[in-house]
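Count residues from 1 along the sequence.
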Amino acid sequence: MFDSWYFLLRGLQLSAPMAYGALGAVYSETGGVVNIAVEGMMLTGTFFFVWGATLFKSWIAGLLFAIVGAVLISLIHGLATITFKVDHVVSGTALNILASGLTRFLSMQVFGMETQSAVNPYTPPTFLRINVIAYFFIPLAIFTVWLLNRTRFGLRLRSCGQNPWAADSLGVNVYGYKYAGVILSGIFAGLAAATLYPHQWIDAMTAGRGFLALAAMIFGNYNPLYAVLAAMLFGYAETLTYFQNQIPLLSGISPILIKAFPYVLALIVLAGFLGKTKPPKADGVIFEKGEG
């Protein structure tokens with residue numbers, strides 16, 4: 001029998017990693033830094049969560065480790081793109097590769113296994129069978145809308161993404177705000193990692209969810225609330241794979257096709273909306289103080 005209530009809750013759980021990733025990407029790109037390293041930050045965060053939780057026997061320590069691990073990757077991205085003026089896409093691609101190799105190496109050193117960690121018994125508490133951290137992405141999306149539109153920090157961050165040279169002429173620390181946006185993307189990637197699968201780290205376990213988070217951000221037109229709703233669309237599409245046998249219309253379809261559905265949906269969304277969205281005008285543009 002189809003359990004509609006659990007379907008809604010399960011969809012919320014599966015949406016959370018992409019929603020947090022999308023929110024983090026919004027902060028980074030609002031400040032003008034393209035961040036396709038969300039996938040790598042999430043993967044790093046998943047390993048650091050298990051490492052920290054098992055090391056200190058506390059899920060809170062795991063959460064802090066996840067945030068620190070993801071922020072470290074985000075800082076490397078910031079250093080490369082903001083300080084050393086590396087192309088944003090090149091930096092993000094390199095960091096995704098680095099995260100894959102780094103987590104395998106650390107897993108071998110810490111757990112003695114290259115492709116998976118030991119099982120972690122110290123996971124976040126659940127409410128209605130769902131990881132409690134998964135319930136906070138909608139309130140945080142609303143908070144982000146307020147922060148970006150109603151506060152000095154948000155307005156200055158947006159100005160750095162729209163016209164950093166004008167912001168610089170008004171005394172705004174453009175480099176500082178760009179770093180702040182990138183660091184916030186790392187914090188949200190850490191939250192995403194804590195909701196993905198905190199019981200164990202497995203190589204490549206993010207399975208493209210970081211890229212789906214970017215697709216959600218684009219589909220949501222760089223608006224935090226819309227980006228989260230788009231992430232929920234992908235999340236509930238993924239939820240169908242767990243309820244296939246309970247839905248008569250899907251029971252006769254190959255499970256492989258059902259599992260591919262969220263990614264196909266993302267491609268359709270990007271094909272239809274990529275040219276219609278409006279990113280910040282200076283998103284991905286190399287900023288040099290005194291030029292422009």
Out of curiosity, does [Y] fall in the hydrophobic cluster containing [X] (side-chain heavy atoms, cut-off under 4.5 Å, transitive links)?
| X | Y | value |
| --- | --- | --- |
| M42 | L72 | no |
| V33 | F84 | yes |
| L12 | F143 | yes |
| L63 | V68 | no |
| L55 | Y122 | no |

May I have all residue pairs that pass salt bridge (charged side-chain N to carboxylate O under 4.0 Å, His left out) and include part of residues 199-223, sequence neighbours excluded? R104-D203, R209-E238
Could you check whether [Y] and [X], counting side-chain N and O atoms only, form a donor-acceptor pair closer than 3.5 Å?
| X | Y | result |
| --- | --- | --- |
| T277 | Y222 | no |
| Y179 | T83 | yes |
| E39 | T206 | yes |

For a quick test of reading the model, state the closest non-hydrogen atom pair linking [X] to [Y] and the distance between them.
| X | Y | value |
| --- | --- | --- |
| A22 | A216 | CB-CB, 4.2 Å |
| V26 | L148 | CG1-CD1, 4.0 Å |
| Y226 | G220 | CB-O, 3.3 Å |
| M205 | L196 | O-CD2, 4.0 Å |
| V174 | P164 | CG2-O, 3.4 Å |
| G52 | A61 | O-CB, 3.8 Å |

Does F243, at its CZ atom, have more than 12 non-hydrogen atoms belonging to other residues, nucleotides or ligands within less than 6.0 Å? yes
In this structure, are over 12 heavy atoms from other groups packed under 6.0 Å from I256 atom CD1? no
Flag the pair W201 / F47 as yes when their ring centroid distance falls below 6.0 Å, and as no otherwise.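 Centroid distance W201-F47: below 6.0 Å, so yes.
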F153 ring center within less than 6.0 Å of Y177 ring center: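 For Y177 and F153, the ring centres are under 6.0 Å apart.
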Residue pair [X] / [Y], side-chain heavy-atom distance below 4.5 Å:
| X | Y | answer |
| --- | --- | --- |
| W5 | L128 | yes |
| V38 | M41 | yes |
| I82 | V182 | yes |
| I138 | M232 | yes |
| Y242 | Q244 | no |
| F137 | T195 | no |
| V71 | I187 | yes |
| Q200 | S117 | yes |

In terms of the angle between their ring planes, are [X] and [Y] parallel, tilted or perpendicular, with boundaries placed at 30° and 60°?
| X | Y | value |
| --- | --- | --- |
| H88 | H77 | perpendicular |
| W51 | F65 | perpendicular |
| Y236 | F7 | tilted |

Between [X] (side chain) and [Y] (backbone), is there a donor-acceptor pair under 3.5 Å?
| X | Y | answer |
| --- | --- | --- |
| K85 | I286 | no |
| T93 | V89 | yes |
| Q13 | N131 | yes |
| T103 | A99 | yes |
| T123 | H199 | no |

Evaluate the side chain to side chain donor-acceptor pair (under 3.5 Å) criterion for residues T46 and Y197: first the C-alpha distance (whole Å), next the side-chain angles of each, then the deciding distance (0.1 Å), finally the verdict. CA-CA 8 Å; T46 56; Y197 189 68; over 6 Å; no
Just do the ring pair (Phe, Tyr, Trp, His ring centres under 6.0 Å) check on F211 and Y263 with the steps written out, would you? CA-CA 10 Å; F211 298 114; Y263 304 95; over 10 Å; no
As an exercise, state the distance from CD1 of I36 to OG of S28, rounded to the nearest 0.5 Å.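 Nearest 0.5 Å value for the CD1-OG distance: 11.0 Å.
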For the pair R158 and N149, evaluate side-chain contact (heavy atoms from CB on, under 4.5 Å) and give the outcome as yes or no after the intermediate values. CA-CA 9 Å; R158 288 167 55 201; N149 293 282; 3.4 Å; yes
